[in-house]
Amino acid sequence: MTARIQALGTALPGHVYKQADVVDGFFARLPGWDPAWAEVFAASGVERRASAVDIDAFYFRAGLPTTAARMQAFAPAARRLGAEAARRALDRAGPDAAGEVADLLAVSCTGYSGPGLDVHLAADLGLAPGVRRLAIGHMGCYAALPALRTAAALAAASGQRALVASVELCSLHLQPARSRQEVVSQSLFGDGAAAALVGPGGDGPEIIGTRTRTVAGSEMRMGWLVADDGFHMELSPRVPALVERGLAELVGDLLTPNGLTAADVAHWAVHPGGPEILDRVQRRLHLSEAQLARSREALADGGNRSSATVLFILEAMLGSGEVGPGQWLVGLAFGTGLTLEALLLRT
């Protein structure tokens, strides 16, 4: 028995900022800001980004927040936003969908609480008291794909539905920029939540296969450092090249067992880790501008929402009707490790 993505739902928080306003309203007000760094924000591909907090109130009324303050903000905001996205997915699946969820997978790399997001979502969504829960933390931007892989395995084994909910509140971890390289990571990230209902049968795309590749010796190229003043992103300028280097083998391992090549895949949901990563993926896989249009749109209209981003892209692609019956779709995402993750779907 194979599993399908039966429904998707997304949600954005209410505070939406133009990229230029984030520069003027936050970064330029902090010590050490170099006005020349504004060009990095302008070249990021991000036009707007949403935030779970009012940036002025959260960061300036009482000074820069501690990790404790950021985590206190995370728990209720993640709970609200995650439930909103999940309810949209469940509503699209039908009136009894919540009662049929046997497994809940809650994904985030931007906050912690105990009880965790999984417990809160199960309660807020009215899931059964016996729902099996799994919290997936700190895998970074690729985490939604292993969550879908796990949900598919659970659904195939049990014959029941599994719900994936990804909530990332990156705006809770804004930091004063100390170098141009730090500015690169600070220019990209926004907040968002996305959910996917996975189960046997239905009309959604079938989950055919997945692959993972961790680039050897890349552990220090991308990651989070949890400090007393929040999470600090480590992002090496070599990350785009490392992603490009591992792509051919990753995609080949995904497609070859199914008798496919990249040319056979009409649709690509590529995580927009930044414009250079998208450019390198396009060049390496010989993709057209149209095949990356949804990824570039997601980056522009919300920024890199970490693990939730690829689900936003899938929702836009599948909801538009542009993916026809019998077509192949590949999801790609990249994150800490450095890890590359791939997902093969067939409509």
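Just so you know, these numbers use all the heavy atoms, side chains as well, and skip hydrogens, waters and symmetry mates. Computed from a prediction, not measured in an experiment: that's the story for all the values here.
Between L104 atom CG and L134 atom CG the span is 9.0 Å, to the nearest 0.5 Å. How far CG of L197 is from CG of D91: 11.0 Å, rounded to the nearest 0.5 Å. For the atom pair CZ of R48 and CG of D21, the computed distance is 11.5 Å after rounding to the nearest 0.5 Å. Rounding to the nearest 0.5 Å gives a distance of 10.5 Å between CZ of R211 and CD of E341. Interatomic distance, T210 OG1 to L148 CG, rounded to the nearest 0.5 Å: 10.0 Å.
Shown here for Q160 and P200, the closest heavy-atom pair between the two residues is O-CD, 3.6 Å. For the residue pair T336 and H138, the shortest heavy atom distance occurs at OG1-O, 3.7 Å. The minimum heavy-atom distance linking A269 with I313 is given by the pair CB-CG2, 3.7 Å. Nearest heavy-atom pair, V131 versus V101, reported as atom, atom and distance to 0.1 Å: CG2-O, 3.8 Å. Minimum interatomic distance between G303 and T309 (heavy atoms only, all atoms of both residues): O-CG2, 4.3 Å. Closest non-hydrogen pair, L117 versus V107, comes out as CD2-O, 4.4 Å.
Between the side chains of T212 and R149, at least one donor N or O sits under 3.5 Å from an acceptor N or O. For the residue pair S171 and S51, a side-chain donor N or O sits within less than 3.5 Å of a side-chain acceptor on the partner. T110 and E168 share a side-chain donor-acceptor pair at under 3.5 Å. With no hydrogens or angles considered, no side-chain donor-acceptor pair links Q291 and Q282 at under 3.5 Å.
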When you look at Q6 and L163, which way does the side chain to side chain contact (heavy atoms under 4.5 Å, CB included) test go after all the steps?
CA-CA 10 Å; Q6 298 177 333; L163 178 65; over 6 Å; no

For V46 and V22, run side chain to side chain contact (heavy atoms under 4.5 Å, CB included): C-alpha distance rounded to whole Å, both residues' side-chain angles, the deciding distance at 0.1 Å, then the answer.
CA-CA 11 Å; V46 180; V22 175; over 6 Å; no

Step by step, work out the side chain to side chain contact (heavy atoms under 4.5 Å, CB included) result for V330 and L255.
CA-CA 9 Å; V330 167; L255 299 180; 4.0 Å; yes

Quick one: do D56 and R29 satisfy side chain to side chain contact (heavy atoms under 4.5 Å, CB included)? Show the steps, please.
CA-CA 10 Å; D56 184 74; R29 297 169 61 182; 2.8 Å; yes

Check the pair E315 / R294 against salt bridge (charged side-chain N to carboxylate O under 4.0 Å, His left out), numbers first and verdict last.
CA-CA 10 Å; E315 183 194 47; R294 291 293 183 181; over 6 Å; no

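A donor-acceptor pair under 3.5 Å is formed between the side chain of D34 and the backbone N or O of A36. Under the 3.5 Å distance criterion, the side-chain polar atoms of T347 are left unmatched by any main-chain donor or acceptor of P205. With hydrogens and angles disregarded, no donor-acceptor distance shorter than 3.5 Å links the side chain of R305 to the backbone of L12.
With C141 as reference, S306 is the one residue of C109, S306, P272 to meet the side chain to side chain contact (heavy atoms under 4.5 Å, CB included) rule.
Aromatic ring pairs are classed by plane angle as parallel below 30°, tilted from 30° to 60° and perpendicular above 60°; the pair Y17 and H15 is parallel. Aromatic ring pairs are classed by plane angle as parallel below 30°, tilted from 30° to 60° and perpendicular above 60°; the pair F334 and H271 is perpendicular. Using a 30° and 60° split on the angle between ring planes, H173 and F231 fall in the parallel class, below 30°.
In this structure, the side chains of L285 and W268 come closer than 4.5 Å at one or more pairs of heavy atoms.
The existence of a salt bridge linking D24 and K18 is excluded, since no basic side-chain nitrogen approaches an acidic carboxylate oxygen closer than 4.0 Å. With respect to the salt-bridge test (charged N to carboxylate O, under 4.0 angstrom), the residues R88 and E84 qualify.
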